[in-house]
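In listed order, ligands and their atoms are each counted from 1. Computation of the quantities below employed the complete heavy-atom set of this structure, encompassing side-chain atoms and omitting hydrogens, waters and symmetry-equivalent molecules.
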Amino acid sequence: MSEIPVKQVARTLHIQILRHNPQDPDSEPHLQTFELEEADTMTLFIALNEIREQRDPSLQFDFVCRAGICGSCGIIINGRPGLACRTLTRDLPDRITLAPLPAFELIGDLSVNTGVWMRGMSEQLETWVHSQGLEQVNLNAVEQPMEPELAEQIYELERCIECGCCIAACGTAQMREDFIGAVGLNQITRFRLDPRDERTDAQFYELVGDESGVFGCMTLLGCEDMCPKDLPLAAQIAFLRRRMAIAGH
Ligand code: SF4
Ligand code: F3S
Ligand code: FES
């Protein structure tokens, strides 16, 4: 006898959002609750759009790709950092609290400026290939082939989308403004692996060998737990620290 499919009753979601507009001197941070009917395969991105389109056009939040690629929709979801576009409401209870990522400049409501933070980190660590060969542009030069395994290792680390979830999840990053976090240490590992980058180990270690880098990390592991790209962040930090200890830094 075939079973009669049970029709799921749609839930009413209670979405509580931390609202604040730092550009408005009269704005005070406060929680505002919106109720909406959950739809099948609804993501938080869809829910937020529905709220903005139908309830409050002033609601601020970021998105670009809607596919977990651009890294712009990071928010705090029931106390944990995550991507709004990759979070299904059915995986959450019907009461959902949303807040902006801490440690970044607040633009308004759920929108933060991760770009300024990431650019600062990138400039501090010089996250580009340092090579004499690349500086003298030669269009006829043939790039040296890279071992596939090494290319794969570099590609793995390049999957970082600079969403800022690892920074928001890191206690050290909340306490130290200058901490480059797991995202910065991931970048250092990526360029250190790259055979085209002529910087020495000593030069790399100089960039991250203090409390703003490897030695600021207290192995809290929130970065790896919350990384939406599942990057092996803790293992890389441990590896860097070990190498630096061996090298006497
Ligand atoms: Fe986001 Fe992971 Fe990159 Fe951190 S390491 S910025 S959590 S993708
Ligand atoms: Fe922070 Fe990750 Fe270290 S959460 S303290 S960078 S292990
Ligand atoms: Fe691009 Fe979510 S909108 S990662």
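- Protein heavy atom nearest atom 1 (Fe) of ligand 2, with residue, atom name and distance: Cys170 SG, 2.3 Å.
- Side chain of Arg11 to main chain of Thr89: a donor-acceptor pair is present (N/O by atom type, distance under 3.5 Å, no hydrogens or angles).
- A donor-acceptor contact closer than 3.5 angstrom is absent between the side chains of Thr43 and Thr87.
- The shortest contact between atom 3 (Fe) of ligand 2 and any protein heavy atom is with Cys217 SG, 2.3 Å.
- Side-chain N or O atoms of Glu126 include none that pairs as donor or acceptor with a backbone N or O of Ser122 at under 3.5 Å.
- Using a 4.0 Å cut-off between charged nitrogen and carboxylate oxygen, Asp109 and Arg19 count as a salt-bridge pair.
- A side-chain contact (heavy atoms from CB on, under 4.5 Å) with Gln16 holds for exactly one of Ile96, Thr33, Leu98; it is Thr33.
- Within the 4.5 Å cutoff, no side-chain heavy atoms of Cys227 are placed close to those of Cys166.
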- Query: For Glu35 and Thr12, what are the C-alpha separation, side-chain angles and deciding distance, and is it a side-chain hydrogen bond (donor to acceptor under 3.5 Å, both in side chains)?
  - Reply: CA-CA 7 Å; Glu35 289 186 358; Thr12 300; over 6 Å; no
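- Heavy-atom contacts of Cys85 reach the following atoms of ligand 3: 2 (Fe), 3 (S), 4 (S) (cutoff under 4.0 Å).
- Applying the 4.0 Å criterion to heavy atoms of Phe63 picks out, from ligand 3, the atoms 3 (S).
- Near Arg66, with a cut-off below 4.0 Å to any heavy atom, the atoms of ligand 3 are 1 (Fe), 3 (S).
- If you look at Ile161 next to ligand 3, there are no close heavy atoms at all, none under 4.0 Å.
- Glu162 places no side-chain N or O within donor-acceptor distance of the main-chain N or O of Ser72, the cut-off being under 3.5 Å.
- When non-hydrogen atoms are compared, ligand 1 lies under 4.0 Å from the side chain of Lys229 (C-beta onward) but not from its backbone.
- Nearest protein heavy-atom neighbour of atom 5 (S) of ligand 2: Met218 N, 3.2 Å.
- Residue contact check: Gly68 has heavy atoms under 4.0 Å from atoms 4 (S) of ligand 3.
- Near Glu162, the atoms of ligand 1 lying under 4.0 angstrom from a non-hydrogen atom of the residue are 3 (Fe), 6 (S).
- Applying the 4.0 Å criterion to heavy atoms of Leu231 picks out, from ligand 1, the atoms 5 (S).
- In terms of protein heavy atoms, atom 4 (Fe) of ligand 1 is closest to Cys166 SG, 2.4 Å.
- Atoms of ligand 2 found under 4.0 Å from any heavy atom of Cys223, numbered from 1 in the order shown, are 2 (Fe), 4 (S), 6 (S), 7 (S).
- Atom 3 (Fe) of ligand 1 has no N, O or S atom of Cys163 inside 2.8 Å of it.
- Of the possible donor and acceptor atoms, none in the side chain of Glu53 sits under 3.5 Å from a partner among the backbone N and O of Leu48.
- Listed by atom number, the atoms of ligand 3 under 4.0 Å from Ile69 heavy atoms are 4 (S).
- Those atoms of ligand 2 with a heavy atom of Thr219 less than 4.0 angstrom away are 3 (Fe), 5 (S), 7 (S).
- In this structure, of Cys160, Gly181, Ala168, Cys227, the residue bringing a heavy atom nearest to atom 2 (Fe) of ligand 1 is Cys227.
- Every atom of ligand 3 is numbered from 1 in the order shown, and the set under 4.0 Å from a heavy atom of Val64 is 3 (S).
- At least one heavy atom of Gly164 sits less than 4.0 Å from an atom of ligand 1.
- Against a heavy-atom cut-off of under 4.0 Å, Pro228 is close to the following atoms of ligand 1: 7 (S).
- Between Asp201 and Arg243 a salt bridge is recorded (basic side-chain N to carboxylate O distance below 4.0 Å).
- Heavy-atom contacts of Cys70 reach the following atoms of ligand 3: 1 (Fe), 3 (S), 4 (S) (cutoff under 4.0 Å).
- Using a 4.5 Å heavy-atom threshold, the side chains of Ile161 and Lys229 count as touching.
- Using a distance-only test at 3.5 Å, with no hydrogens or angles considered, no donor-acceptor pair links the side chain of Asp62 to the main chain of Ser111.
- Proximity of Thr172 to ligand 2, defined as any heavy-atom pair under 4.0 Å, is confined to the side chain (atoms from C-beta onward).
- Using a 4.0 Å cut-off between charged side-chain N and carboxylate O, Arg90 and Glu38 make no salt bridge.
- Those atoms of ligand 3 with a heavy atom of Gly71 less than 4.0 angstrom away are 1 (Fe), 4 (S).
- Here Cys65 meets the criterion, with an N, O or S atom under 2.8 Å of atom 1 (Fe) of ligand 3.
- Figure legend: cation-pi geometry between Arg52 and Phe61, with NZ or CZ positioned under 6.0 Å from the six-membered ring centre and within 45° of its axis.
- At least one side-chain heavy atom of Trp117 sits less than 4.5 Å from a side-chain heavy atom of Val183.
- In the vicinity of Ile161, heavy-atom distances shorter than 4.0 Å reach the ligand 1 atoms 3 (Fe), 8 (S).
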